[in-house]
Amino acid sequence: MNATDDEYWNEKSFEGFSFEDEEKDLNSTIKKIPPECEGIQIGSTKTKLENIESLDTILPKEILDKIFIKRSSEINKTCTTQEKQKNVKSTIENIVMSCTYTLESFQSLEEKIMLLQEALYTEDGNAILTVVIFLTNTLKKSIFHRILRDNPVAASHYVHYLYSKQCINELVDTLEMLGRTKDAMMMLFKFGCRNPQNCLQRFNVCANLADDQYDKQIISQLINLVGKYDMKCTQFASVVTLVSDKCKEHQNINSCRMLANEFNLSSKQLEATLLITFCQLQNWLHVDDMFVNKNWLGKDKLALSLPIGETVKLLHHNGAPSSSLTRYLKLIKDSDERLELAKKFNCHHIIIDDFSSKKDRRGLLVYKSMLQKQTESYFYADTILKSPNIKWKN
């Protein structure tokens, strides 16, 4: 260290550090605070702000208004939303509890959507439907449809309501709007069959709605059938029913066959339709002549593609007499099946013939005792028992 350095450190103007010196400096600084600022105290409610500039001198009045008005509106909006939710919940509760309520006070779209959401939350069908009907009466159709698309449960309730009220056009439009085109087509077809007066118009709409080629073909055939034969006063549900009506009107088998061929009915469908139709007409001779032919040996031959067992059941269920059932049962080759059906439908002649073929005299005697006396079946059993051409086993 040189002499110059020693002189630097030994100068009196440079004194060492002392905490007492720091306290003296702080007190002297406090004494230098101007008198006009002595009133300012931290945490005090009495503060002299004469020298502090106000906000309106710093920011324009327009900006200040926007700041405070926006804040005030946000607070009011929060309070208003809470009040709306409270009113909505109270109203829905009244609907569920069957108390007095009113929906006319809910005018904004926001409130109406809140009503629907609250009703859906309750899972109460009456509340949901009440709100949905209120919406459809007070909203534009486009907005109402949008709400239905967003709420499938509400849409389902509305569809069932329209169906119960037979609001066909609105129902079809709603189903189509929901993307349920197939359901819309089937619903329109169903109502068209129930109301033949305007069925052609509805069937044409069905043809336009159908996206399946098979459905289009069936509907087109039905339109052709109704238009061709002018079936204005007949209620129908299928082509088969129309064929049956045509059969009842003319009782012409050949024309019915031509009709069936034109509209691709299978032979079994046609035969079953004709069989049931003539049974309803109680024309049993026509049934036998139509479905039973004679072969070259003069024996009966069934002219049906339907199974003979099913044919007998169909005849029995439609009130065919025992003589007609017996004629068809005789055409069954399986003896066990023939006997089982004969017992089921009380065809006594078939049962008596079975005893005769088995040469079971005792069994026939027991069965004869069970028959009502002086009836055709009773006399037939007696004739078989007295026949000299049968060699009985017992």
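Since this is a predicted model, take the numbers as computed values, not measurements.
Judged by distance alone, the side chain of Glu337 and the main-chain N or O of Asp334 form no donor-acceptor pair under 3.5 Å. Side chain of Glu111 to backbone of Gln107: a donor-acceptor contact under 3.5 angstrom is found. Side-chain atoms of Asn151 never come within 3.5 Å of backbone atoms of Val153 as a donor-acceptor pair (strictly under, hydrogens ignored). A donor-acceptor pair under 3.5 Å is absent between the side-chain atoms of Ser90 and the main chain of Lys86, judged by distance alone. Checked by atom type and distance alone, the side chain of Ser324 never pairs as donor or acceptor with a backbone atom of Ala320 at under 3.5 Å.
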Take Val159 and Leu171, measure what side chain to side chain contact (heavy atoms under 4.5 Å, CB included) needs, and give me the verdict at the end. CA-CA 6 Å; Val159 166; Leu171 174 60; 3.7 Å; yes
Under the side chain to side chain contact (heavy atoms under 4.5 Å, CB included) rule, what do Asn87 and Phe106 come out as? Steps first, then yes or no, please. CA-CA 9 Å; Asn87 292 336; Phe106 302 98; 4.2 Å; yes
Report the C-alpha separation of Tyr380 and Thr375 in whole Å, then their side-chain angles, then the decisive distance to 0.1 Å, and conclude whether the side chain to side chain contact (heavy atoms under 4.5 Å, CB included) test is met. CA-CA 9 Å; Tyr380 181 69; Thr375 60; over 6 Å; no
Could you give me the CA-CA distance, side-chain angles and deciding distance for Cys279 and Leu315, then say whether side chain to side chain contact (heavy atoms under 4.5 Å, CB included) is met? CA-CA 7 Å; Cys279 286; Leu315 287 168; 3.6 Å; yes
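Ile128 and Tyr121 fall into different hydrophobic clusters, where Ile, Leu, Val, Met, Phe, Trp and Tyr are joined by side-chain heavy atoms under 4.5 Å apart, directly or via other members. There is a path of hydrophobic side-chain contacts, each under 4.5 Å, that joins Ile113 to Val132. Under the 4.5 Å side-chain heavy-atom criterion for ILVMFWY residues, no single connected hydrophobic cluster contains both Leu341 and Leu339. Both Leu135 and Val96 are part of a single hydrophobic cluster, where members link through side-chain heavy atoms under 4.5 Å apart. No continuous path of hydrophobic side-chain contacts links Ile352 to Phe345 [ILVMFWY only; heavy atoms under 4.5 Å].
By the 4.5 Å heavy-atom criterion applied to side chains, Asp173 and Lys141 are counted as neighbours. Counting heavy atoms from C-beta on, the side chains of Tyr163 and Met187 come closer than 4.5 Å. Here the side chains of Leu274 and Cys256 are in contact, with some heavy-atom distance below 4.5 Å. The shortest distance between side-chain heavy atoms of Lys140 and Ile143 falls below 4.5 Å. Residues Ile308 and Leu329 fail the side-chain proximity criterion, which asks for heavy atoms closer than 4.5 Å. Inter-residue side-chain proximity for Ser356 and Ile390 is flagged as met; some heavy-atom pair is nearer than 4.5 Å. Considering only heavy atoms from C-beta on, His145 comes within 4.5 Å of Arg149 through its side chain. Lys393 places none of its side-chain heavy atoms less than 4.5 Å from the side chain of Asp360.
Distance check, rounded to the nearest 0.5 Å: CG of Leu281 to CD1 of Ile276 gives 12.0 Å. Distance check, rounded to the nearest 0.5 Å: CG of Leu270 to CG of Leu275 gives 10.5 Å. Taken to the nearest 0.5 Å, the CE atom of Met97 stands 10.5 Å off from the CG atom of Asp124. With rounding to the nearest 0.5 angstrom, the CG atom of Asp353 is 12.5 Å from the OG atom of Ser335. Here the straight-line distance linking atom CD1 of Ile147 with atom OG of Ser142 works out to 9.5 Å at 0.5 Å rounding. Summarising the geometry, atom CG belonging to Leu129 is positioned 14.0 Å from atom CZ belonging to Phe134; distances are rounded to the nearest 0.5 Å.
Electrostatic pairing of Lys268 and Glu310 does not count as a salt bridge here, judged by no charged N lying under 4.0 Å from a carboxylate O. Taking a cutoff of 4.0 Å between a charged side-chain nitrogen and a carboxylate oxygen, Glu170 and Lys165 do not qualify as a salt bridge.
Between Tyr158 and Phe144, the shortest heavy-atom distance links the atoms CE2-CE2, 3.7 Å. Leu325 approaches His316 most closely through the heavy-atom pair CD2-N, 3.8 Å. Taking both residues in full, the closest heavy atoms of Ile384 and Trp392 are given as O-CZ2, 3.5 Å, listed atom of the first, atom of the second, then distance. For Ile92 against Glu118, the heavy-atom pair with the smallest separation is CG1-CG, 3.6 Å. Of all non-hydrogen atoms in Arg338 and Lys330, the two that sit nearest each other are CD-CA, 4.3 Å. Scanning all heavy atoms of the two residues, the minimum distance from Thr122 to Ala127 falls at OG1-CB, 4.3 Å.
Around atom CD of Glu376, no more than 12 heavy atoms belonging to other residues, nucleotides or ligands sit under 6.0 Å away.
Using a 3.5 Å distance cut-off with no hydrogens or angles, the side chains of Glu110 and Ser108 do not pair a donor with an acceptor. No side-chain donor from either of Ser244 and Thr273 sits under 3.5 Å from a side-chain acceptor of the other.
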When the side chains of residues 176-186 are checked against the rest of the protein, which donor-acceptor pairs come out under 3.5 Å, sequence neighbours left out?
| from | atom 1 | to | atom 2 | distance (Å) |
| --- | --- | --- | --- | --- |
| Arg180 | NE | Asp183 | OD2 | 3.0 |
| Arg180 | NH2 | Asp183 | OD2 | 3.3 |
| Lys182 | NZ | Asp215 | OD2 | 2.3 |

Sequence neighbours excluded and cut-off under 3.5 Å, please list the side-chain donor-acceptor pairs for residues 361-374, or say none.
| from | atom 1 | to | atom 2 | distance (Å) |
| --- | --- | --- | --- | --- |
| Tyr367 | OH | His348 | ND1 | 2.6 |
| Lys368 | NZ | Asp382 | OD1 | 2.7 |
| Ser369 | OG | Val366 | O | 2.5 |

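Under the ring-ring contact (aromatic ring centres under 6.0 Å, His included) criterion, Phe379 pairs with no residue, sequence neighbours left out.
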